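Structure record follows, encoded as structure tokens.
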Amino acid sequence: MDSQTSQSSQASQSPHTFQVDLRGLVDLLSHHLYSSPRVYLRELLQNAVDAITARRAEQPDAPARVRLSVDADGGLRVEDSGIGLTESDVHSLLATIGRSSKRADGLQAVRSDFLGQFGIGLLACFVVAERIRVVSRSARTPDAPPVEWTATDDGSYTVRTLPDAERPEPGTTVHLVARAGAGEWLTRERVLALARDFGSLLPYDVRVGEEEVTDLPAPWDRAYPSPANRRVALARHCHELFGFTPLDSIELNVPLAGIRGVAYVLPSAVSPARRAGHRVHLKGMLLTERAEQLLPDWAFFVRCVLDTDSLRPTASREALYEDETLAAVREALGERIRSWLTGLAAGDPERLAAFLSVHHLGVKSLARHDKEMLRTMLPWLPFETTDGRLSLEEFAQRHPVVHFTRTVEEYRQVAPIASAQGVGVINGGYTYDSELVEALPSVRPGTVVAELDADTVTAHLDAVDPAEELALSGFLAAARAKLDPLGCDVVLRAFHPLSVPALHLDDRASRHEQARAEAEEQADDLWAGILGSLRGSAPRARLVLNHLNPLIRRISSLGDAELIGTATESLYGQALLMAQRPLRPADSALLNRAFIGLLEWATNGEEGR
């Protein structure tokens, strides 16, 4: 009994071989690994190019040609002059999923020259084909006869040797028979378009029929009569490739990383959050048109096309593998773009101004992390200020203290008044602007930068004569009593422009206190107690009434306390609207109440006359 149990246990531990459902695997490839059936042609070109590379490693003067042709019955034939296969190679390589021919004996030393790395190869062709026939003759074993390998999408294959006449020269021919519904992928027009898209930079002679596929040297490697001719040619290339005419082109030459290419500057502004897709060739073969991680995030204003021999592709060969090499390349390419910007600043201010008029946001994003870039761009980067649209350098030369606001609302609130009082203010509410203003002293020593708050603005407004303010104490008391429930004080000042009757001022501290008070009112007893203990000494918002304004003078002379309160509410609401601040429910209710109150007063006054 023990012996039988032992034998049974040993049998159950015997190793088994995985069974692969080829149809299921093809479905996985077509719907999950690859983005489109179009990649089948890239796999065919890739296998052909790698076969030629392998043969030339042993026979440097061997022919290097790939020929694609569409048969009369709609099938596709791809022939190469590469290393070829013997019958044993076919059994061990073509019929074994996941094994790459690049691992064959004698080829490991030149593996880095190959495009393929994953051994999927011909399997991807089942995305569009129901049958694949391969006829090959080995250049490494010239005496071996040609061999034919035929496979169908049900997972079966046959292998047989052929007479020498069937394939007299070394190399491989792949025949594809289209599967139902995939015939369009094997038409001559589609094959030619895909071949040119994937293989235009391949280093060998590739043709579809008699039409050339390769177009070498690459546009960025060609010699041109002059820099102007080069710019025109690259602009034409950009339009053909990406569909836009660039503002400029930037050389991307990183010899240590084996990278050559060009970055095209977009002619219109784009969102910094938008990840641009770049076109990357790997050893001449198009890898992807959507390489999002190729450049630093701040370089969203360019689209790149380049060729590399150092970056690793993912398993689908449609994206780049995130590793240390890619990180180093990203940094190096970012440095090339940074150098281009500094070069424009030094020698071509007109082109720089045209670029910044469209893409200043991207440069600001770079400058906030790079002091050298900030120093270089300081005379050029535009900012909204009370003196108009100026650079930080120009603004700092005009004002001993560089005041700024952190939000657009705060700037709109104080800009007209501050400008009239001679106080210079920069709108720091736009993306990156406040960070750059605060970094100004680090690249311009001695510059004083200060955030503009309500106290600073009020301090620059002229005080009213004490006797006059005392005479208006009743009016001010009524106005303050009306706005006190809203957490707003009322002060009287004299300022320009005269057309502004009232100014609403607050800062982050007062808004925080206001939000805390509102939360305390709505909370239960426990939370109200907690929020009450957090009450700080933050200044409250204030409504600054302009004593020089004729309307304020008339309102201050009213004897009706209720009418004064209604008028004060109206001034408060109008000041909020002028500052373009978001209205709380209490503010909206106040505006509605004040409007109705003034209508009632006006109509009652009309009836009494």
Side-chain angles (χ1 to χ4, degrees), residues 231 234-235 238 241-252 254 259 261-280 290-306 326-327 329-385 389-395 404 408 426-440 442-443:
R231 280 198 297 271
L234 290 178
C238 176
L241 206 59
F242 295 122
F244 65 85
T245 301
L247 284 177
D248 205 350
S249 57
I250 307 169
E251 295 288 330
L252 299 180
V254 187
I259 285 178
V262 62
Y264 293 116
V265 182
L266 293 166
S268 56
V270 294
S271 168
R274 176 184 173 187
R275 301 299 297 269
H278 306 292
R279 190 177 175 94
V280 177
R290 300 185 299 276
E292 295 181 349
Q293 70 274 47
L294 185 65
L295 295 181
D297 290 342
W298 55 261
F300 56 83
F301 49 84
V302 298
R303 294 282 300 276
C304 294
V305 53
L306 55 83
L326 179 57
V329 166
R330 183 161 50 233
E331 183 177 347
L333 295 180
E335 182 59 36
R336 294 295 182 275
I337 298 174
R338 183 187 289 109
S339 298
W340 169 77
L341 284 170
T342 55
L344 286 187
D348 201 338
E350 289 186 4
R351 284 169 66 200
L352 178 64
F355 166 75
L356 288 178
S357 67
V358 178
H359 295 297
H360 59 275
L361 199 58
V363 180
K364 287 181 177 180
S365 173
L366 171 60
R368 68 192 177 117
H369 296 302
D370 189 324
K371 290 184 179 179
E372 192 59 38
M373 180 57 64
L374 178 59
R375 184 179 289 108
T376 302
M377 293 291 109
L378 201 60
W380 308 101
L381 289 175
F383 290 78
E384 183 180 358
T385 79
R389 198 160 182 82
L390 299 175
S391 70
L392 290 181
E393 177 69 27
E394 291 176 292
F395 189 84
F404 73 97
V408 175
I426 296 175
N427 183 358
Y430 296 116
T431 306
Y432 311 133
D433 283 9
S434 61
E435 296 176 68
L436 291 173
V437 175
E438 289 181 299
L440 186 55
S442 67
V443 297

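All values reported here derive from a predicted model rather than from experimental measurement.
- Considering all non-hydrogen atoms of both residues, Pro382 and Arg389 come closest at CB-NE, 3.7 Å.
- Annotation: side chain to side chain contact (heavy atoms under 4.5 Å, CB included) contacts of Glu394 (sequence neighbours excluded): Leu390, Ser391.
- With rounding to the nearest 0.5 Å, the separation of NZ in Lys371 from CZ in Arg375 is 8.5 Å.
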Under the side-chain contact (heavy atoms from CB on, under 4.5 Å) criterion, do Leu266 and Val358 qualify, and how do the steps go? CA-CA 9 Å; Leu266 293 166; Val358 178; over 6 Å; no

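- The nearest pair of heavy atoms linking Val265 to Ile250 is CG2-CD1, 3.9 Å.
- Taking both residues in full, the closest heavy atoms of Pro267 and Leu247 are given as CA-CG, 3.7 Å, listed atom of the first, atom of the second, then distance.
- Heavy-atom neighbours of Glu251 CD from other residues, nucleotides or ligands within 6.0 Å: above the threshold of 12.
- Every ring-ring contact (aromatic ring centres under 6.0 Å, His included) that Phe355 has, sequence neighbours left out, goes to Phe301, Trp340, His359.
- The side-chain heavy atoms of Tyr264 and Phe242, taken from C-beta on, include a pair separated by under 4.5 Å.
- Under a 3.5 Å cut-off, the side chain of Arg338 and the backbone N or O of Met373 do not form any donor-acceptor pair.
- Of all heavy-atom pairs spanning Ala345 and Thr376, the tightest one is CB-CG2, 3.7 Å.
- Note that CH2 of Trp298 is 11.0 Å distant from NE2 of His369, once rounded to the nearest 0.5 Å.
- For the atom pair CG of Leu366 and CD of Glu372, the computed distance is 11.0 Å after rounding to the nearest 0.5 Å.
- For the pair Leu440/Leu378, a side-chain contact is recorded, criterion being any heavy-atom separation below 4.5 Å from C-beta on.
- For the pair Leu356/Val363, a side-chain contact is recorded, criterion being any heavy-atom separation below 4.5 Å from C-beta on.
- Side-chain contact between Val262 and Leu252: absent, with no pair of heavy atoms (C-beta onward) separated by less than 4.5 Å.
- Closest approach of Ala235 and Thr245 over heavy atoms only: CB-CG2, 4.5 Å.
- For the pair Leu361/Thr431, a side-chain contact is recorded, criterion being any heavy-atom separation below 4.5 Å from C-beta on.
- Counting heavy atoms from C-beta on, the side chains of Phe383 and Lys364 come closer than 4.5 Å.
- Annotation: the span from Leu381 atom CG to Leu436 atom CG amounts to 7.0 Å, rounded to 0.5 Å.
- Looking at heavy atoms from C-beta onward, Asp348 lies in side-chain contact with Glu350 at the 4.5 angstrom threshold.
- For the pair Leu294 and Cys304, the tightest heavy-atom approach, listed with the atom from each and the gap, is CD2-CB, 4.3 Å.
- The closest side-chain heavy-atom distance from Leu306 to Leu333 is below 4.5 Å.
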